[in-house]
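Worksheet for the structure shown next.
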Amino acid sequence: MAKSPYKDTILLPKTSFSMKADLLAREPQIQKRWKQMDLYAKIREARAGREQFILHDGPPYPTGEMHVGLAMNKVLKDMVVRYKTRRGYDAPYLPGWDCHGLPIEFKVMQELREAGETPPKIDIRKRCKKYAETYVKKHKKQFIALGVSGEWDAPYLTFLPSYERGVLSAFAQMVGEGYVYRSTKPIHWCFDCETALAEAELEYNTKTSPSIYVNFALCSSVADLFPGLKPLHVMIWTTTPWTIPANLAIAVNERFTYTAVTYEKDGQSTSSIMAADTVEKVMAAIGATNFTVGPTATGKQLIGLRYDHPFMERTGPVVSAEYVSLEEGTGCVHTAPGHGADDYITGLNEGLEILSPLDSKGRYTDEFPSMQGVQVYDANDKLCDLMAEKGALAAKAAVSHSYPHCWRCNNPVIFRATEQWFVRVDHKDLRQRATEQIQDTRWIPGWGQSRITGMVADRPDWCISRQRSWGVPIPAFYCANCDRPLLTQKSVEAVNEIVGARGTNTWFELEPDEFLQGRFECDGCGGKTFRKEEDIFDVWFESGTSWRAVVQQNDHLRFPADLYLEGTDQHRGWFQLSLLPSVALEGVAPSKTVVTNGFIVDGSGQKMSKSKGNFISAEDVLGVVGADIFRLWVSSIDYKDHIFVDMAGIQEMATSYRRIRNTMRYLLGSLHDFDPKANAVPADRMLPIDRWAVAQGNELIRRVTQYNDDYDFHKTFQAIQNWCAVEMSSFYLDVLKDRMYTFAPDSNERRSGQTAQWLLLHAFVKLTAPVLVHTAEEVWQTMAEAGLLAKDEPAESVHLAAHPEPADVDAAPELLEKFGKLLAIREDVLREIEKLRADKTIGNALETHVTITSTDAEVLALLTDEQKNLASYFIVSDVQVAASADDSFVPGQAVPTLRIKVEKSAHPRCERCWNFRPAVGDHAEHPQLCDRCAAVVTGG
RNA sequence: GGGCUUAUAGCUCAGUUGGUUAGAGCGCGCGCCUGAUAAGCGCGAGGUCGGAAGUUCGAGUCUUCCUAAGCCCA
């Protein structure tokens, strides 16, 4: 097609802002510039003295490839911090990492095991530290690449002395206030290595164990429930005969039905209680030759009965436990609180002793004198013989089952009760006060409140000690003479003076008296010589006191924090275990608001894991779509629910991104010859549609503000996306083209449109800045270069600019209402135009001439009123409003009273503006032009 | 097994205190434009709201049960 001689008189959009985003290449450059100018420090400086908003970062664990869920959580935090900053708050972000703990120690121990080394604790700790540092570095790099803004030069790490000092200061205070005590608890124990084992250090292998059924004779009277059956027993089943000496109770399930069975075996008749549904199976298992089922009772009715231990001089109670099932055994569970996790809980609930008569080599102690010194696996047969002798052994067989073994020596492990340190949850009404604080905290989503309330209500005392190396040592001492523990607020503070300054490695390096300096004595025997505790803290105690170690110990932060934002798994974890110390020591929850995100699942709703092959890492995302598109994806989802994610879904975000980018690009291009100082049109001289457009921008600002305040970022995303596509691209910007391209450059009409676009661009780039951190910056720099910033706006970075206020060009409600109707009318008109296009009568809508009317007087009045603008709103060449319609008119759908007729225009086409107008050909010098264009070209 | 949670078009989300033919954007299909062009515009086809029962004149929206999935426990 030959180029029109008038082409050069058209004012097309022009901008250096490229259509292609090329985020993978551009984002690192933008980040580099931010680092060079130290943008984070500049923001702090700009907000100094303002009201603070403190988001306290929950420290992630630095190991392995970064899960996309962690990347998402960090981006959510960043969006909050950036939004609050834009709203004028001083919102510092101090990120951290939870560096201690078993996963790292486990990895290091694995390496050492493969190398056949068993170095001392201090060396293990050094290797762990190195490992943690490596991954902290990796994570940090990726967080920065995700565009997360924060104090990356000085993050908090839980192995730093400054942090450890905070943990110990909180601990000292808790000791001082009486929350800490020492008691026993069963843990996995290897009697060959003589060490405690964590779940991760167990290997489940098949093992053959004895399978025994034992009758415990009831000593309570049961004549009312089971008349005439005496002696009556309760039958249990177990695979660990060696735990029978520590039996202190039998557990039943209250909801089950139990019955007394009288059976014959080896010519003897015995009556035993068991769950009704297990009778057949049990009778077969013990080889009973004949049996009769007696009366029944509910589990609840059995509770409180007492029985004689088969060979120990004591009686035990029948107690209730929810976990009792019918899948194995008799529905009556042998309970030894010192030898099992469930048993232990039951023991606590029932106030039983945590009996564990074993030494570290797995031999009975003097608490079971008749077999003192016998190792548990040697004892199994002896005990069976003993019970058979007493008539208690109903049957004995062997069973092959999966059983935990030590990962080091491959020996089967046992549960053994050991001395541990605990925090007493009911001391000083802590549970009650914590529950009250939960009520006073804002939980988003709201159900988080009931979730954590239930957890706090049910939880047992907190066991804070671990038999590991990689963590903060528990600074307790034991009297060398009488073994009594020494742990007071003062003793902890004495240790903290040294450890808090030089790090906790000193605990392993120095002698006890270098901490105690002879200032302490055993309050049992008065002894002055001590040995050090070997245990470390549960890592949850470390992260659970981060409000002290980080928020309180840093002058630029404030306690309590405004916001904690983590995954919903942290209701039990970090939220609860921060709440307890915080309420204990400060009387308040550590954060005013707690937001939780759901868990990431793959496209089919399954959990993500490397073994399933559906794992997506932060690296995967950053390498394919870049940070801004990933961030846009994060903003698009309702993170409060489960989050379905696959790479295809994230990649689809590129489409939404392009729409937003192109909208901004078009606005930039439209403003290529606009100087806000010289060309801005005052509100009262702006065209109605331009005022309407600005009003739409104002409405977008209000909605986004509300959504962001409510942490509903996905609603912000929807609003922005719709605004780009609906209000802007398909209507306003499309309608504006004729005016922007063909009107005289400095005409009021054109400057009015530019003023609106200028205001809209400003609002829009600021609204998207918390999400599209790089793209918004790119736009902003283009604006700065083009002289499009107001004089009070920071040219250095969009991130120094504030959240937009609605522009002072607000339109009257009548105007909004009018355009609402006009848009509905437009929809109907466009549908009619489409029919001409479909039958090839026309191509471009400008080829049409529209005649329109309505049977509704009000609508007709609106049409008449707006007649001169209708052609531009519909993007057709001419619109006539008729008084009435005949059969050639078609009714509307959105506005049913509408009557529309669309015809091909009879007029010639203007070479310049492409409108079909009667005046084309009238101008002598420019016969190809319409009157309007002729006037522009001749400058008239 | 328990506590908490989720389930609306292919995707991401809206659906106010239960009330007319369940909405939007994207994607998809068809077409237009070639003066936002690895862009832009228009039209259109897709859900009966995870399943079942119930309450009600009326339920996506309340109740119960079931199914699938997630977190935390056991």
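Keep in mind that this is a model prediction, so the values were computed, not measured. All chains are named by letter (A, B, ...) in the order of the sequence lines, taking the proteins before the strands, and each is independently numbered beginning at 1.
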Whole-Å [atom1] distance, [N] and [M]:
N	M	atom1	answer
B:G27	B:G1	P	45 Å
B:C41	B:U55	C1'	50 Å
B:G15	B:G47	C1'	14 Å
B:G29	B:G19	P	37 Å
B:U37	B:G51	P	46 Å
B:U20	B:C4	C1'	38 Å
B:A38	B:G60	P	47 Å
B:G10	B:C28	C1'	8 Å

So what does [X] hit on the nucleic acid, given a heavy-atom distance under 4.0 Å: a base, only sugar-phosphate, or nothing?
X	result
A:Gln718	base
A:Ile10	base
A:Phe644	sugar-phosphate
A:Ala725	sugar-phosphate
A:Trp633	nothing
A:Asn722	sugar-phosphate
A:Lys737	base
A:Gly649	nothing

Would you check if there is a donor-acceptor pair between the side chains of [Y] and [X] at a distance under 3.5 Å?
X	Y	answer
A:Ser18	A:Arg26	yes
A:Asp343	A:Thr335	no
A:His339	A:Tyr344	no
A:Thr593	A:Tyr711	no

Output the rounded distance in Å from [atom1] ([X]) to [atom2] ([N]).
X	N	atom1	atom2	value
A:Met19	B:G35	CE	P	13 Å
A:Trp443	B:G3	CH2	C1'	15 Å
A:Lys715	B:G25	NZ	P	18 Å
A:Met740	B:G35	CE	C1'	13 Å
A:Glu827	B:G23	CD	C1'	13 Å
A:Asp734	B:G35	CG	P	14 Å
A:His642	B:G70	NE2	C1'	4 Å
A:Gln570	B:C71	CD	P	13 Å

Partner nucleotide, any strand, of [N] [Watson-Crick/G-U, under 3.5 Å]:
N	value
B:A38	none
B:G44	B:C28
B:A52	B:U64
B:G23	B:C13

Exercise. What is the glycosidic conformation of B:G46: syn, defined as within 90° of 0, or anti?
Worked result: syn

Exercise. Quick one: is B:A36 close enough that its OP1 or OP2 comes under 4.0 Å of any side-chain N or O from A:Ser729?
Worked result: no

